[in-house]
Amino acid sequence: MKNHKLLKSIIVLSMMAFLAGCGKKEEPIEEPVEDLGSLEDVLDAFPDTSTESTVPSDVVPVDTVSGDIASGDTVSEDSVSADAVSENEVPAENPSALTVPEGKPQASVHSSQTGPAKITIMNMCGYDLTSVKFSFAGITADGIPVQGDKKLKDGGYTEYSLAEADIYRQYLPLRLTVTCEAKGLSEDIVFPEITILDLDDLTVILSYYDGTYVVETN
């Protein structure tokens, strides 16, 4: 019986202690607040990350779209160096320094072939030709006979081998004039000058159109 009363007393005391604990409010724990100072002091603590674009005074602003120099700006004459053009560069407006003997054409076309050159002459001028001569401006003083031993009849052709072709190749392009003697004519036929780019396998056609003598090449 005593044990029963003792147990009952322990239970009652435990309940009273529990109820007393539930009735208390837990006080919040306050963290210490650090004094950061004024707003200006806080802002000064952070570095200034803004960047200001600066342009040197000697740089001329350029329009990024058109590439032109911005209006109102000028380029100083001192900003262009006198040595800007290399000594090895030739200004475009200067003529070529290459010169050729007076009266001779400048060699601008080169042929890889050597030895005699075969030339075909066709007569389509309406006359039988008793003499056909080639003259290269600035090179040959007298005409070179190219018609062979027989007359070159109208509508016919002949082949001529230019033995000293290497001499003429070094002056390509050549200015050719053809002079012919025709049966029934008292005066020579002088065809207009024509430019020859290559002597090898060359065909020269002597023609007559609308009262004008014409020379053509292949």
To the closest 0.5 Å, what do you measure between [atom1] ([X]) and [atom2] ([Y])?
{"X": "Leu129", "Y": "Leu206", "atom1": "CG", "atom2": "CG", "value": "6.5 Å"}
{"X": "Leu202", "Y": "Ile196", "atom1": "CG", "atom2": "CD1", "value": "5.0 Å"}
{"X": "Glu159", "Y": "Thr203", "atom1": "CD", "atom2": "OG1", "value": "8.5 Å"}

Between [X] and [Y], which heavy-atom pair has the shortest distance, and what is it?
{"X": "Gly126", "Y": "Asp154", "value": "N-OD1, 3.0 Å"}
{"X": "Glu216", "Y": "Ser207", "value": "OE1-OG, 3.6 Å"}
{"X": "Tyr208", "Y": "Cys125", "value": "CB-O, 3.5 Å"}
{"X": "Ser161", "Y": "Pro116", "value": "OG-CB, 3.5 Å"}
{"X": "Tyr168", "Y": "Leu174", "value": "O-CD2, 3.6 Å"}
{"X": "Asp200", "Y": "Ala117", "value": "OD1-CB, 3.9 Å"}

Taking the side chain as every heavy atom from C-beta outward, state whether Leu176 and Val215 have any atom pair closer than 4.5 Å. no
With side chains defined as the heavy atoms from C-beta onward, is the minimum distance between Ile119 and Val146 less than 4.5 Å?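 Not touching, per the 4.5 Å side-chain cut-off.
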Tell me, please, which residues at least two apart from Asp166 pass side-chain hydrogen bond (donor to acceptor under 3.5 Å, both in side chains). Arg169
Chi angles and distances behind the side chain to side chain contact (heavy atoms under 4.5 Å, CB included) call for Leu197, Leu172: CA-CA 6 Å; Leu197 300 179; Leu172 287 170; over 6 Å; no
Please output the side-chain donor-acceptor pairs of residues 180-194 that fall under 3.5 Å, not counting sequence neighbours, one pair per line with the distance.
none

Not counting sequence neighbours, which residues clear side-chain contact (heavy atoms from CB on, under 4.5 Å) with Asp149? List them please. none
Please identify each residue that fulfils side-chain contact (heavy atoms from CB on, under 4.5 Å) with Lys153, with sequence neighbours left out.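 Scan of Lys153 (side-chain contact (heavy atoms from CB on, under 4.5 Å), adjacent residues dropped) gives Asp128.
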Exercise answer: donor-acceptor pairs, residues 133-144 side-chain atoms, under 3.5 Å, sequence neighbours excluded:
unit_1: Thr140; atom_1: OG1; unit_2: Phe136; atom_2: N; d: 2.8
unit_1: Thr140; atom_1: OG1; unit_2: Phe136; atom_2: O; d: 3.3

Grouping ILVMFWY residues whenever side-chain heavy atoms fall under 4.5 Å, the cluster of Tyr209 otherwise contains Val214
Met122: which other cluster members, linking ILVMFWY side chains closer than 4.5 Å, directly or transitively?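 Via sub-4.5 Å side-chain contacts, Met122 links to Met124, Tyr157, Ile205.
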Please confirm whether the backbone N or O of Thr130 pairs with a side-chain atom of Gln147, one donor and one acceptor, at under 3.5 Å?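 Yes.
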Would you please name every residue forming a ring-ring contact (aromatic ring centres under 6.0 Å, His included) with Tyr127, sequence neighbours left out? none
